[in-house]
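Just below is one structure, and these are the notes that go with it.
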Amino acid sequence: MGKEIPSRQEDYSLWYNELVKKADLAEHSDVRGCMVIKPYGYSIWEKMKQALDKMFKDTGHVNAYFPLFVPKSMFEAEEQNAEGFAKECAIVTHYRLKNDPEKKGKLIVDPAAKLEEELVVRPTSEAIIWSTYKKWIQSYRDLPLLINQWANVVRWEMRTRLFLRTAEFLWQEGHTAHTTAAEAIAETKQMLDVYAAFAEQYMAVPVIKGKKSEGEKFPGAIDTYCIEGMMQDGKALQAGTSHFLGQNFAKAFDVQYAGKDGKLEYVWGTSWGVSTRLMGALIMAHSDDDGLILPPKLAPIHVVIVPIFRNDDELTKITEKINPVIEALRQQGLSVKFDSRDTHKPGFKFAEWELKGVPVRLAIGPRDLENGTIEVARRDTREKQVMNLDQVSHQIPALLNTIQENIYNRALSFRDNMITRVDTFDEFKKVLDEKGGFVLAHWDGTSETEGQIKEQTKATIRCIPLDASEENGSCIYSGKPSAKRVLFARAY
RNA sequence: CGGGGUGUAGCGUAGCCCGGUAUCGCGCUUGGUUUGGGACCAAGAGGUCGUCAGUUCGAAUCUGGCCACCCCGACCA
């Protein structure tokens, strides 16, 4: 009955798709590869934005907005970057439609309105931003330039999945310019730390910080750093990236500054971003077969209250009793939903709010009115307890903190159990097939080996962990010497 | 772009082989009884059967073109 979703064990990807739709997060639109983010899903994204935006501001960044369209010539300027995205760019070639003379009521592209120069719909904004920075930067006094933008971007993906990979998605992209390489590298790492802190403290998703291999890095970057999370099906998900761009874009767009000594130097750059893909990570890291499990810090509704009543009179009495509790919870900054609909039974409401992942549910009925109590249920453990009505509003904030910690710890121990060290290629393949998760193994550092392993196992090097300890060993594939283990996984 | 599949009410489907304008469930509307874990009964509303053309007295059903979507592959920071 009602909205049931398939179990994770039956079909993980079907479970994910159905959960996204049934929990009212998003749905496919009539536009191929694009999704509609529904109000409930969007409010989670808004909470993410809010927290991240504050973290960016606290580290000295300011927001700005750059255009959606990038002239093709500008896009070409940084070759590596342009080539990397060329295969998935949407292009604007015309600027006008006209009535179809053949078919009434139909529109056709007006061939007379062809653009002199095509416009690329941004797959990322380095080109337009660096060509603007050229105008903004003359002196060392103009640096560092620390700018972020919240925007949509378009990458014409062949196969799409709600939140994880769509043709258009929402993200933020930070673009900074610095006088020295050291400062730019420090910025790159700082923002990686910001992302990791956000993932762990707000999303309750533990992540591994690391550096991408040559093959996996951002085209146009010198180094790409990332945070990698582990999903419940044993596949890895890249949740954020931070790039040290060196002087690549400065040279491509001729962005130079005069130093104190009057000499012209190219600036050093970084860029970093997270996207609505984080929604996918959030969903897949915590949720269960009954629906979403949201960390309190990102839940649009912290507490839902379900009254149990047989008639208007009982509802009135419950409302009178519960209103002060609602008020007290809101005073503490919590978002509270009082679900007094008389069109659905309590059991239906319980199931619905569980599907939507509301962390805490309160239920109050005639029996509670007599006893001065209320039932408190946690979404993460499904535990129920009865509390005194006059104490409940004081205890909820602590309970929410407990839930936030619990789902983080649960995800952390799952993730830790999903890291396996292997020393042979046979073991490597066996672990990937039978257990999944991250595999820590020695690698000779060549892209040939990386490519061979990818081809044979579909596993990629997720990152070279920043905290990897020096350890002499030999590459699982080639047997050549290796100084540290890298993190492999099959990934989203 | 290759290989396979599907298109019937808001959603999920039956019917298609063997032509006669459409089945069932969920949801929706109305009324009543219900309400401490996804209520029940009754009465309703809703479909140019993806699209265009052809065959036929007659097409959801047969034939062809087109379109869209899904799966596998290729591709993918």
Side-chain angles (χ1 to χ4, degrees), chain A residues 1-6 11 13-14 17-18 21-22 27-34 80-81 83-89 103 123-124 126 153 155-161 164-167 169 171 173 210-221 223-228 236-243 245 271-275 277 290-291 306-315 318 339-355 361-371 373-377 382 384 386 454-455 458 460-463 491-492:
Chain A
M1 287 303 181
K3 296 177 165 183
E4 282 185 9
I5 54 174
D11 187 336
S13 66
L14 192 61
N17 281 137
E18 289 300 306
K21 283 185 268 193
K22 297 266 169 67
E27 63 190 33
H28 285 108
S29 73
D30 293 334
V31 187
R32 200 203 77 97
C34 297
Q80 296 305 110
N81 185 51
E83 267 177 41
F85 286 110
K87 296 182 293 297
E88 51 193 51
C89 284
K103 286 182 189 163
T124 179
E126 270 79 3
V153 288
R155 296 176 190 179
W156 215 259
E157 301 288 353
M158 299 298 280
R159 288 178 76 172
T160 58
R161 296 202 56 196
L164 297 174
R165 175 168 286 123
T166 46
F169 56 92
W171 77 344
E173 45 183 326
K211 192 194 230 184
K212 285 291 184 192
S213 67
E214 278 300 301
E216 295 280 330
K217 77 169 195 197
F218 176 67
D223 285 316
T224 289
Y225 296 86
C226 62
I227 52 172
E228 294 282 330
L237 184 110
Q238 177 180 298
T241 52
S242 184
H243 314 288
L245 303 175
S271 67
W272 28 274
V274 295
S275 71
R277 193 174 216 219
D290 295 315
V306 177
I308 291 143
F309 58 96
R310 287 187 213 89
N311 50 53
D312 285 353
D313 189 42
E314 278 183 2
L315 177 60
I318 290 168
D339 186 357
S340 60
R341 287 177 293 175
D342 61 2
T343 50
H344 295 279
K345 289 180 65 175
F348 179 91
K349 295 178 185 176
F350 291 175
E352 181 167 83
W353 294 113
E354 278 162 9
L355 179 63
R361 180 188 72 230
L362 305 179
I364 179 166
R367 234 156 42 211
D368 294 299
L369 289 185
E370 274 178 37
N371 303 334
T373 55
I374 192 162
E375 183 190 80
V376 180
R382 316 209 60 171
K384 292 181 198 175
V386 175
K454 181 177 176 181
E455 202 173 300
K458 296 201 165 149
T460 50
I461 297 177
R462 301 319 303 154
C463 67
Y492 278 100

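Note on naming: letters A, B, ... go to the chains in the order of the sequence lines (proteins, then strands), and numbering restarts at 1 for each one.
When the P atom is compared between B:U23 and B:C67, the two are found 33 Å apart, to the nearest whole Å. Nucleotides B:G27 and B:C41 have their P atoms positioned 12 Å apart, rounded to a whole Å. As rounded to the nearest Å, B:C26 and B:A43 have P atoms that lie 14 Å from one another. Spacing of C1' atoms, B:G2 relative to B:C11, comes out at 33 Å, to the nearest Å. Spacing of P atoms, B:C17 relative to B:G25, comes out at 25 Å, to the nearest Å. Across the C1' atoms, B:A45 and B:G3 are found 44 Å apart, a figure rounded to whole Å. Nucleotides B:C62 and B:C16 have their P atoms positioned 9 Å apart, rounded to a whole Å. B:A22 and B:C49: their P atoms are spaced 11 Å apart (whole Å).
Nearest-nucleotide mapping onto RNA chain B: of A:P123 and A:G347, the residue sitting toward the 5' end is A:G347. Positionally, the nearest nucleotide of RNA chain B for A:A351 lies more toward the 5' end than for the other of A:N81 and A:A351.
The nucleotide whose nearest atom lies closest to any side-chain atom of A:K87 is, among B:C75, B:G38, B:G36, B:C75. Distance from the side chain of A:E375 is smallest to B:G36 among B:G36, B:C76, B:G37. In the set B:G37, B:C76, B:U35, the nucleotide with an atom closest to the side chain of A:K384 is B:G37. Ranking B:G36, B:C76, B:G37 by closeness to the A:R367 side chain, first place goes to B:G36. With B:G38, B:G73, B:G36 as the choices, the nucleotide that has an atom nearest any side-chain atom of A:K458 turns out to be B:G73. Each of B:C76, B:G37, B:G36 was ranked by its minimum atom distance to the side chain of A:K345; first place goes to B:G36.
Residue-level contact check: A:R462 touches neither bases nor backbone, having no heavy atom under 4.0 Å from any strand. Here A:R277 lies out of heavy-atom contact (under 4.0 Å) with every strand. Heavy atoms of A:E354 sit under 4.0 angstrom from at least one base atom.
If you measure from atom CZ of A:R310 to atom C1' of B:U33, you get 14 Å, rounded to the nearest angstrom. Rounded to whole angstrom, the span from the CH2 atom of A:W156 across to the P atom of B:C1 amounts to 14 Å. One atom, CZ of A:R341, and another, C1' of B:G38, lie 12 Å apart when rounded to the nearest Å. As rounded to whole Å, 12 Å separates atom C1' of B:G27 from atom NZ of A:K22. Spacing between atom NZ of A:K21 and atom C1' of B:C26 amounts to 16 Å, rounded to whole angstrom units. Distance A:D368 CG to B:G36 C1': 8 Å, rounded to the nearest Å. Between A:E455 atom CD and B:G73 atom C1' the separation is 14 Å, expressed in whole Å. Atom-to-atom, NZ of A:K212 to P of B:C76 comes out at 14 Å; the value is rounded to the nearest Å.
Base pairing of B:G31: its partner is B:C41, meeting the Watson-Crick or G-U wobble criterion (both donor-acceptor distances under 3.5 Å). Across the strands present, B:C17 finds no partner; the criterion is a Watson-Crick or G-U wobble pair with both atom distances under 3.5 angstrom. Across all strands shown, the partner of B:G10 is B:C26, judged by Watson-Crick or G-U wobble contacts whose two distances both fall under 3.5 Å. In this structure, B:G73 forms a base pair with B:C1, meeting either the Watson-Crick or the G-U wobble geometry with both donor-acceptor distances under 3.5 Å. Nucleotide B:U51 forms a pair with B:G65, judged by Watson-Crick or G-U wobble geometry with both contacts under 3.5 Å.
Not a single donor-acceptor pair under 3.5 Å links the side chain of A:N17 to the backbone N or O of A:L14. Using a distance-only test at 3.5 Å, with no hydrogens or angles considered, a donor-acceptor pair links the side chain of A:K349 to the main chain of A:D339. Judged purely by atom type and a 3.5 angstrom limit, A:S29 uses its side chain to pair as donor or acceptor with the backbone of A:C34. Side chain of A:T224 to main chain of A:F218: a donor-acceptor pair is present (N/O by atom type, distance under 3.5 Å, no hydrogens or angles). A:R155 places a side-chain N or O within 3.5 Å of a backbone atom of A:P123 that can act as its donor or acceptor partner.
Residue A:R155 places no side-chain atom within donor-acceptor reach of the base of B:C76, judged by atom type and a 3.5 Å distance cut-off alone.
In this structure, A:R277 forms no cation-pi arrangement with A:F169, as its terminal cationic atom is not both closer than 6.0 Å to the ring centre and no more than 45° off the ring axis.
In this structure, A:H344 and A:F348 have parallel ring planes: the angle between them is below the 30° cut-off, well short of the 60° mark.
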